[in-house]
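Step one of this worksheet: look at the structure below.
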Amino acid sequence: MEIKNRYVQVYLFLWIMGMCMYAHPLKCQSVIPAPLKMERGTGSFPLSGGVRLYTGFAEEDAALLRNSLKALPVHWKQARKNGGRNIVSIEPAEGDPSLSSSESYTLSVSPERIKIRAASGAGAFYAVQTLLQLAQPLPEGGYAVPSVEIEDAPCFAYRGFMLDVSRHFFTKEFVKKQIDALAFYKINRLHLHLTDAAGWRIEIKKYPLLTERAAWRTEANWKKWWNGDRRYARFDDPGAYGGFYTQQDIREIVEYARRHHVTVIPEIEMPGHSEEVLAVYPQLSCAGKPYKNADFCVGNEETFTFLEDVLKEVMELFPSEYIHVGGDEAGKAAWRTCPKCSRRMEEEHLSHVDELQSYLIRRIEKFLHANGRKLLGWDEILEGGPAPRSTVMSWRGEKGGLEAVRAGHDAVMTPGAYCYFDSYQDAPYSQPEAIGGYLPLKKVYAYRPVPDGLPAGQAQRIRGVQANLWTEYIATPEHAEYMIYPRILALSEVAWSAPENRAWEDFHKRVPKAVAHLKSKGYHPFDPAGEVGSRPESGEAVDHLALGKKVTYHAPYSTAYPAQGESALTDGIRGDWTYGDGAWQGFISRHGLDVTVDLGKETEVRSISADFMQVAGAEVFLPEEVSVSISSDGSVFVPLHVQRDETDKEKAIGFRTVGWEGTAKGRYVRYTARPGKKYGGWVFTDEIVIK
Ligand code: ACM
């Protein structure tokens with residue numbers, strides 16, 4: 001009687017479930033990053049009550065998978081045997097030719113069972129992350145996974161995120177929290193920028209001053225500190241700002257990451273960006289005194305003793321294949337007059353001080369290689385010729401990465417225009433202060449790490465792609481998360497999903513759910529629902545009297561920011577929120593902008609204007625003096641407008657239209673916009689609009 005009743009109950013339950021599903025058919029929930037192949041079936045697998053879980057993986061991997069699955073409100077019953085109904089099985093499938101890489105997997109969901117096959121623990125882990133994204137709550141309570149057949153594999157093996165913990169320190173708890181989310185979206189490298197002028201962040205037993213002093217500064221606010229005296233403090237000085245990871249903290253982070261199939265790559269900066277080291281170990285600088293240099297003295301053997309000692313401890317802590325040695329933006333000035341550096345150049349037959357950089361990088365590469373590691377560095381490591389076996393991280397555009405792969409080296413792409421998450425992600429006026437730039441979600445998504453037409457042999461050497469969060473302007477965990485999410489989701493799809501499976505409109509529809517999920521887990525993402533978007537003027541070409549007319553430059557534009565060259569100011573194309581977008585033309589002399597537009601014939605004119613931009617951090621300022629005048633013969637000009645505005649250096653970002661309105665006649669229009677005498681800097685404009 002009892003049994004019969006239970007059958008009736010089960011039958012009724014299934015019938016009701018079936019009706020509910022009919023009434024609320026489960027959509028195949030959005031998965032980020034988009035899998036290689038995904039086909040929706042019919043029905044769904046209920047995740048209510050107890051579900052049997054079988055894992056054929058060895059205990060360590062099995063435990064990680066069980067741990068991931070705990071995110072679902074299911075009572076998992078460990079099954080010793082595979083088979084039967086109402087089971088989730090996770091099976092190793094090493095050597096299966098259909099699983100193309102070690103991170104690939106198949107996931108098959110039917111109303112009876114969920115079956116995962118993967119070539120490795122990492123593949124199985126990713127299958128489970130996909131499963132977690134597919135599971136969805138039912139209106140009547142409980143969860144279900146819609147029937148689906150997925151075959152998935154990553155496009156790139158290196159899918160990275162860099163966190164700058166020097167400019168502001170972030171706790172190990174924060175780092176672990178980010179690892180949770182990164183792994184959920186199949187990012188598998190966490191690059192920690194551990195050392196820089198703003199603070200040294202890793203305990204090195206042999207050099208205690210690095211964490212007693214170089215990890216602490218006198219001012220928490222990076223901008224104030226950088227624009228001020230840039231002094232360091234002792235850890236116990238009142239008001240000292242900073243922090244560091246103990247070696248035990250690092251072990252914890254590395255192990256936590258490993259259990260999420262994330263490799264942590266440490267970066268130790270050399271030879272530049274090392275003010276903090278040279279403040280506490282001044283004998284390693286050319287000056288021999290603190291607060292003088294940013295670059296290590298390459299002529300001094302002690303420099304190499306120090307760097308190798310540090311790297312030995314670093315290698316003990318980080319099992320990563322790569323050790324990142326920075327290499328970017330060395331100033332090199334002190335090397336020119338340093339007797340030790342001169343001696344080194346003589347001994348090593350170096351003809352130029354720049355070669356001291358490649359001397360150091362090559363020597364460190366040899367050391368890392370002898371210890372079974374590979375050198376990774378910013379694209380400056382190409383200068384003077386890349387060290388053998390080194391991998392280049394291309395940040396100043398893609399040029400360095402492409403040069404590296406042409407020369408037979410590996411590269412990781414992280415060009416500033418697409419991958420620098422410290423840029424504004426929306427209209428600057430709507431955002432907390434950032435370093436500048438404009439990198440909305442859509443632009444991250446548009447990135448393609450392998451340019452069209454690159455020969456296959458070179459394309460293969462592009463190991464992957466990475467987003468970087470520099471934290472000069474990012475002091476809190478909430479702000480950091482705001483800058484990371486959801487842009488890292490776009491990057492995850494750039495890195496994982498096949499180019500043919502990527503479509504912005506489709507991704508954009510999947511983002512709101514992911515943002516809601518992140519919020520529910522305690523993250524602080526930017527919400528694209530409230531996005532302001534591009535500068536309105538940049539949307540379509542502006543029509544005006546000067547369109548296509550000749551411009552004579554009385555002071556040249558900068559070749560670094562030419563936009564469309566001599567046609568830029570009359571091409572109708574307006575810039576977006578960043579001067580670096582190829583539509584803004586830049587001027588870097590005391591003359592600023594000084595041009596004459598030839599309208600071709602005597603013309604009646606009612607308004608003349610130009611827009612300017614300020615990004616104080618990049619020394620781009622609104623002009624201090626603007627003048628507009630008109631002429632019929634090109635030699636006698638009638639002034640129409642003069643405007644003076646004092647430079648407000650504290651204004652982080654700003655836009656201003658400056659011009660004249662009235663009635664005038666003439667053929668030639670002269671427009672000048674000068675920078676202030678006190679601060680100088682750049683003047684940027686995108687168009688001289690004449691109506
Ligand atoms: C860098 O942004 N200096 C790598």
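The first residue in the sequence is number 1, and the count goes up from there.
- Taking the six-membered ring where tryptophan is involved, the planes of W378 and W395 are perpendicular, since the angle between them exceeds 60° and thus also 30°.
- In this structure a side-chain-to-backbone donor-acceptor pair under 3.5 Å is missing from S534 to D576.
- S68 places no side-chain N or O within donor-acceptor distance of the main-chain N or O of A71, the cut-off being under 3.5 Å.
- In this structure, the side chains of T414 and Y420 come closer than 4.5 Å at one or more pairs of heavy atoms.
- Between E255 and K176, no side-chain nitrogen of the basic residue sits less than 4.0 Å from a carboxylate oxygen of the acidic one, so the salt-bridge criterion is not met.
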* side-chain contact (heavy atoms from CB on, under 4.5 Å) between K177 and Y523: does it pass, once the steps are laid out? -> CA-CA 9 Å; K177 183 182 173 194; Y523 294 85; 3.6 Å; yes
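- In this structure H508 satisfies the ring pair (Phe, Tyr, Trp, His ring centres under 6.0 Å) test together with W504, sequence neighbours excluded.
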* **Candidate pair R510 and D506, rule salt bridge (charged side-chain N to carboxylate O under 4.0 Å, His left out), full reasoning** => CA-CA 7 Å; R510 284 179 278 134; D506 179 64; 3.0 Å; yes
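- Within the 3.5 Å criterion, the main-chain N or O of R167 finds no donor-acceptor partner in the side chain of R201.
- With contacts defined as side-chain heavy-atom distances shorter than 4.5 Å, the pair D527/K519 qualifies.
- Closest heavy-atom contact between H193 and E267: ND1-OE1, 2.7 Å.
- Using a 4.0 Å cut-off between a side-chain N of Lys or Arg and a carboxylate O of Asp or Glu, R448 and E398 do not qualify as a salt bridge.
- Here the closest heavy-atom approach between residue P319 and residue V254 is recorded as CD-CG1, 3.6 Å.
- Taking each heavy atom of L469 and D422 in turn, the nearest pair found is CD1-N, 4.0 Å.
- Across all non-hydrogen atoms, the minimal contact from A514 to I32 is CB-CD1, 4.0 Å.
- Cation-pi contact between R463 and Y158: absent, since separation from the ring centre below 6.0 Å together with deviation from the ring axis within 45° is not met.
- Remark: K443 NZ to R487 CZ distance equals 11.5 Å, nearest 0.5 Å.
- Here S423 contributes atom OG and Y418 contributes atom OH; the two are 12.5 Å apart, rounded to the nearest 0.5 Å.
- Taking 4.0 Å as the cut-off between side-chain N and carboxylate O, R159 and E103 count as a salt-bridged pair.
- Between F526 and Y482, the ring-plane angle classifies as perpendicular under the 30° and 60° cut-offs.
- For the pair R406 and E403, the salt-bridge criterion is not met [side-chain N within less than 4.0 Å of a carboxylate O].
- The closest side-chain heavy-atom distance from L72 to V145 is not below 4.5 Å.
- By the ring pair (Phe, Tyr, Trp, His ring centres under 6.0 Å) test, Y54 is found to be paired with no residue, residues two or more places apart in sequence or in another chain being considered.
- A donor-acceptor distance shorter than 3.5 angstrom exists from the side chain of N501 to the backbone of P35, with no hydrogens or angles considered.
- Using modelled atom types, no side-chain atom of N188 and backbone atom of V262 make a donor-acceptor pair closer than 3.5 Å.
- The shortest distance between side-chain heavy atoms of M38 and V148 falls below 4.5 Å.
- Within a 6.0 Å sphere centred on CD of E316, heavy atoms belonging to other residues, nucleotides or ligands number 12 at most.
- Proximity of a side-chain donor or acceptor of S102 to a complementary backbone N or O of S120 within less than 3.5 Å is not detected.
- With N86 contributing its side chain and G50 its backbone, the two residues share a donor-acceptor pair below 3.5 Å.
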* So F161 and I484, side-chain contact (heavy atoms from CB on, under 4.5 Å) or not? Walk me through it. -> CA-CA 9 Å; F161 172 70; I484 301 170; 3.7 Å; yes
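- Here the straight-line distance linking atom CG of L47 with atom CD of Q136 works out to 10.5 Å at 0.5 Å rounding.
- From S89, atom OG reaches atom CD1 of I116 across 7.5 Å, with rounding to the nearest 0.5 Å.
- Judged by distance alone, with hydrogens and angles left aside, the side-chain atoms of R40 form a donor-acceptor pair with the main-chain N or O of S147 at under 3.5 Å.
- In plain terms, the two heavy atoms of K172 and I253 that are nearest each other are CB-CD1, 3.7 Å.
- Between R117 atom CZ and S104 atom OG the span is 10.5 Å, to the nearest 0.5 Å.
- Side-chain N or O atoms of R535 include one that pairs as donor or acceptor with a backbone N or O of G575 at under 3.5 Å.
- Considering all non-hydrogen atoms of both residues, S44 and P146 come closest at CB-CA, 3.7 Å.
- The side-chain heavy atoms of M393 and I381, taken from C-beta on, include no pair separated by under 4.5 Å.
- With rounding to the nearest 0.5 angstrom, the CZ atom of F45 is 8.5 Å from the CD1 atom of I87.
- In this model, no donor atom of one side chain and acceptor atom of the other lie less than 3.5 Å apart for E478 and H524.
- Using the six-membered ring where Trp is involved, Y105 and W496 have ring planes that are tilted, between 30° and 60° apart.
- In this structure, R502 forms a cation-pi arrangement with Y445, its terminal cationic atom sitting closer than 6.0 Å to the ring centre and no more than 45° off the ring axis.
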* **Candidate pair Y424 and Y438, rule ring-ring contact (aromatic ring centres under 6.0 Å, His included), full reasoning** => CA-CA 5 Å; Y424 286 101; Y438 176 51; 8.5 Å; no
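- Remark: side-chain polar atoms of D581 are paired, donor with acceptor, to backbone N or O of A583 under 3.5 angstrom.
- Within the 4.5 Å cutoff, the side chain of V314 has no heavy atoms near those of the L194 side chain.
- Taking a 6.0 Å sphere around CD of E59, one finds it holds more than 12 heavy atoms contributed by other residues, nucleotides or ligands.
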* Asked: Does the side-chain contact (heavy atoms from CB on, under 4.5 Å) test come out yes or no for L190 and V175, once each step is laid out?
  -> CA-CA 9 Å; L190 173 64; V175 174; 3.7 Å; yes
* Asked: Do L368 and K374 pass the side-chain contact (heavy atoms from CB on, under 4.5 Å) test, and can you show the C-alpha distance, the side-chain angles, and the key distance before you say yes or no?
  -> CA-CA 6 Å; L368 292 175; K374 280 191 179 167; over 6 Å; no
* Chi angles and distances behind the side-chain hydrogen bond (donor to acceptor under 3.5 Å, both in side chains) call for E481, Q178 -> CA-CA 8 Å; E481 290 179 357; Q178 307 323 306; 3.0 Å; yes
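- Under a 4.0 Å N-O distance rule, the pair K521/D180 does not qualify as a salt bridge.
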* Could you walk me through whether T106 and E151 pass side-chain hydrogen bond (donor to acceptor under 3.5 Å, both in side chains), step by step? => CA-CA 5 Å; T106 61; E151 280 176 37; over 6 Å; no
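- When side chains are defined from C-beta on, W577 does not count as touching P440, because their heavy atoms never get closer than 4.5 Å.
- In this structure, the side chains of V74 and V88 stay at 4.5 Å or more apart for every pair of heavy atoms.
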